[in-house]
Participant: 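Quick one: structure below, then a few questions.
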Amino acid sequence: MAQVVLENLYKSFQKVKIDGESAGTSSAVLRRINLTVRDGEFMVLVGPSGCGKSTLLRLIAGLETATAGNIWVGDRQVNDLPPNQRDIAMVFQSYALYPHMTVSDNLAFGLRRSVNALAADRNADAPPGETTPAWQNWLVAATRPLPKGWRYMTERERAIAQRVQTVAQMLQIEPLLHRLPKQLSGGQKQRVALGRAMARSPQVFLMDEPLSNLDAKLRTETRAQIVNLQRQLGTTTIYVTHDQTEAMTMGDRIAVLNAGQIQQIATPLELYNRPANRFVAEFIGSPPMNFLPVQVQPPLVIAHPQFRMTLPASWELLLRPYAGRSLILGIRPEHLTLSLPAPKNLPGRIRRIEALGADTFLSVSIHEPGSEEPWLQVRIEPDRAIAPGDEVWLSLMPDKLHLFDPDTGAALLPA
Ligand code: ATP
């Protein structure tokens, strides 16, 4: 196993004209990526479509060349190494199984090709005339007659078959070993694809949206299975997804990417509780965080046309430079509660109710004539007697507020 370090990594693609001639300009897809994935860590790369997640994975795998910067796997700088010398296995969204091979052969394929396959096999591959003990044993054994339908296996083949069996057991696909990919369901194919990556015991797993083709139930099951396997194997893993639930539930840490730049690297709960900027705050959490513009009135008051509230003292130093200026207030749906009329509470009208069973989500519009502010999302307990059109007062939990600079989007983070 090994840590993976990305140092000041840049990638641009040359823009190409329709007729195929280079237009001479290039577009930067990844900009100044610095990321250390610790040995044995499960790192999730998450971000919206087109932000550069797959490109980053392909650079690490060696399927693309970096425009600038360094990639380290363990103590080896791998920038110039071809993919098969990086000791990395990749699992894609499309399972990429060989259709004419059985599951067993698909699992064994990487092992047969692997340059550092099974050290114990070296003796078995020794040419006749060499006198290693394993080779001598094999020669003695090979002279004995075998029952019909049996054949001799080299040590290497035996070790490969054993490894295939172990991996199949771990993934619970032993009954499928003799099937062809076309005889498998989507979930089974994905497990075989995972198994093929695992069989080689690489230093690093790269997974690019491996669960996208599965239905919701199977996704949840396979998600848990991948996490368990990764914990068991302890293989450094970089997992790409655009699904923030996957990111939150699978990653030891998450790197949030937007427009080719890392926005924040943190544990799931750190990201949720202390987002570094408005992008992260909005991207992580479902329904997303609500945002409202407020004016700062020193030392600790924030005012909106519909309410004003005093913040805890820990905000005072952070608010000082914004005296008289505006900030963006962020509040998550679960940190708004239905309350009574009061100046510190926000009046609104229920526009929509979504009852999901365990939770109920309200869309509440704020009483502000001509306001273009979006409706606020509020999470409430399921058994409240309410109806669309009801007037409500929302109370904001003061210790759960987030404030963002309106120009840079950076969060003000109290100690
Ligand atoms: P998705 O979640 O939709 O797969 P992504 O975050 O993985 O998106 P990438 O596939 O890495 O995004 O693509 C990032 C950007 O790089 C996109 O704008 C894409 O069009 C561009 N891009 C990717 N490959 C190439 C290429 N070979 N040539 C030119 N542009 C490319």
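In each ligand, atom 1 is the first atom listed, and ligand 1 is the first ligand listed.
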Participant: For atom 21 (C) of ligand 1, find the nearest protein heavy atom and state the residue, atom name and distance (0.1 Å precision).
Facilitator: V29 CG2, 4.1 Å
Participant: Roughly how far apart are L30 CG and T55 OG1, rounded to 0.5 Å?
Facilitator: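 Going from the CG atom of L30 to the OG1 atom of T55 covers 5.5 Å.
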Participant: Could you check whether E64 pairs with R58 (Lys NZ or Arg NE/NH1/NH2 to Asp/Glu carboxylate O, under 4.0 Å)?
Facilitator: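 Result for this pair is yes, salt bridge flagged.
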Participant: Does atom CG of D215 have more than 12 heavy-atom neighbours from other groups under 6.0 Å away?
Facilitator: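 Buried by this count: over 12 neighbours within 6.0 Å.
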Participant: Does only the side chain of K53 get under 4.0 Å from ligand 1, or the backbone, or both, or neither? Count heavy atoms.
Facilitator: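 Looking at K53 and ligand 1, atoms from backbone and side chain both fall under 4.0 Å.
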Participant: Examine R332 relative to Y272 and say whether NZ or CZ is less than 6.0 Å from the centre of the six-membered ring and inside a 45° cone about the ring axis.
Facilitator: yes
Participant: Give yes or no for whether the N/O distance cutoff of 3.5 Å, strictly under, is met between S49 and ligand 1.
Facilitator: yes
Participant: Got the closest protein heavy atom to atom 10 (O) of ligand 1, with its distance?
Facilitator: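 Among all protein heavy atoms, the one nearest atom 10 (O) of ligand 1 is S54 CB, 3.7 Å.
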Participant: Check each of K217, Q225, R223 against E221 using the side-chain hydrogen bond (donor to acceptor under 3.5 Å, both in side chains) test, and report the only one that passes.
Facilitator: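 Output: one option passes, namely K217.
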Participant: Among all protein heavy atoms, pick out the one at the shortest distance from atom 17 (C) of ligand 1; state its residue, atom name and that distance to 0.1 Å.
Facilitator: G50 O, 4.0 Å
Participant: So which protein heavy atom does atom 23 (C) of ligand 1 come closest to, and at what separation?
Facilitator: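 Protein heavy atom with the smallest distance to atom 23 (C) of ligand 1: F13 CE1, 3.6 Å.
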Participant: Does R219 form a salt bridge (charged side-chain N to carboxylate O under 4.0 Å, His left out) with D243? I'd like the steps, not just the answer.
Facilitator: CA-CA 11 Å; R219 270 176 95 116; D243 177 338; 3.2 Å; yes
Participant: Both conditions, 6.0 Å and 45 degrees, for the charged tip of R278 above the ring of F291: are they met here?
Facilitator: yes
Participant: Between D252 and R38, does any side-chain N to carboxylate O distance fall below 4.0 Å?
Facilitator: no
Participant: So if I count the atoms of ligand 1 from 1 in the order they appear, which ones are less than 4.0 Å from some heavy atom of C51?
Facilitator: 6 (O), 12 (O)
Participant: Indicate yes or no: does an N/O atom of G52 lie under 3.5 Å from an N/O atom of ligand 1?
Facilitator: yes
Participant: Which atoms of ligand 1 are found less than 4.0 Å from any heavy atom of T55?
Facilitator: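 Going through ligand 1 atom by atom, the ones under 4.0 Å from T55 are 9 (P), 11 (O), 13 (O), 14 (C).
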Participant: Under a 4.0 angstrom heavy-atom cut-off, which atoms of ligand 1 come close to E209?
Facilitator: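 Every atom of ligand 1 under 4.0 Å from some heavy atom of E209: 2 (O).
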Participant: Check contact between R58 and ligand 1, using heavy atoms of the residue and a distance below 4.0 angstrom.
Facilitator: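 R58: no contact with ligand 1 (<4.0 Å).
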